[in-house]
Amino acid sequence: MRREERKKDKVKEYHIGEYDASVRFYESSYFLAMVYLKIGPVVISGLSIRRNKDGDVFVSWPARKLQDGTYKNTVYTVDRDLSDGILDAYYIWEDEK
């Protein structure tokens, strides 16, 4: 069996509420999980699930580092429900592992 086929066997897609959106999670050695978000025909990669210094879990959207050393999101949501839906799906994925 090829590596790509083995990876697909472990992949599960989770749908997010009222949106035409779904997410897939992948294990990561750097973050809690890597996330691929599909909204309609658009796929956004580079999202991750992380834990902040207070221990809270959050969705980290794709960002780039600015010259002053700070980061600016290049993709983000204006609807907090989408981030909450991603986190809800993440917790389900964690429980199913």
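All of these numbers come straight from a predicted model, not from anything done at the bench.
With a 4.5 Å cut-off on side-chain heavy atoms, Ile49 and Ile86 count as touching. Residues Phe25 and Glu96 fail the side-chain proximity criterion, which asks for heavy atoms closer than 4.5 Å. Under the 4.5 Å side-chain criterion, counting only non-hydrogen atoms from C-beta, Val78 is in contact with Tyr76. Side-chain contact between Leu37 and Val75 is absent, with no heavy-atom pair separated by less than 4.5 Å. Side-chain contact between Trp93 and Glu27 is present, with heavy atoms from C-beta onward closer than 4.5 Å. When side chains are defined from C-beta on, Ile39 counts as touching Leu82, because their heavy atoms get closer than 4.5 Å. By the 4.5 Å heavy-atom criterion applied to side chains, Tyr19 and Asp81 are counted as neighbours.
For the residue pair Gly40 and Lys38, the shortest heavy atom distance occurs at O-CE, 3.3 Å. In this structure, Leu47 and Met34 approach most closely via the heavy-atom pair O-CE, 3.5 Å. The two residues Phe58 and Arg51 come nearest to each other via the heavy atoms CE2-C, 3.9 Å.
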Residues Trp61, Val59; criterion side-chain contact (heavy atoms from CB on, under 4.5 Å); working and verdict: CA-CA 6 Å; Trp61 292 83; Val59 177; 3.7 Å; yes

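The main-chain N or O of Pro62 is found under 3.5 Å from a side-chain atom of Thr74 such that the two form a donor-acceptor pair.
Rounded to the nearest 0.5 Å, atoms OH (Tyr90) and OG (Ser83) are 15.0 Å apart. Here the straight-line distance linking atom CZ of Arg50 with atom CG of Asp56 works out to 15.0 Å at 0.5 Å rounding.
One hydrophobic cluster, built from ILVMFWY side chains closer than 4.5 Å, cannot hold both Val43 and Tyr26; they sit in different ones. By the rule that hydrophobic residues join a cluster once side-chain heavy atoms approach within less than 4.5 Å of another member, Tyr30 and Tyr71 end up as members of separate clusters.
Not counting sequence neighbours, Asn52 has no partner by the side chain to side chain donor-acceptor pair (under 3.5 Å) test.
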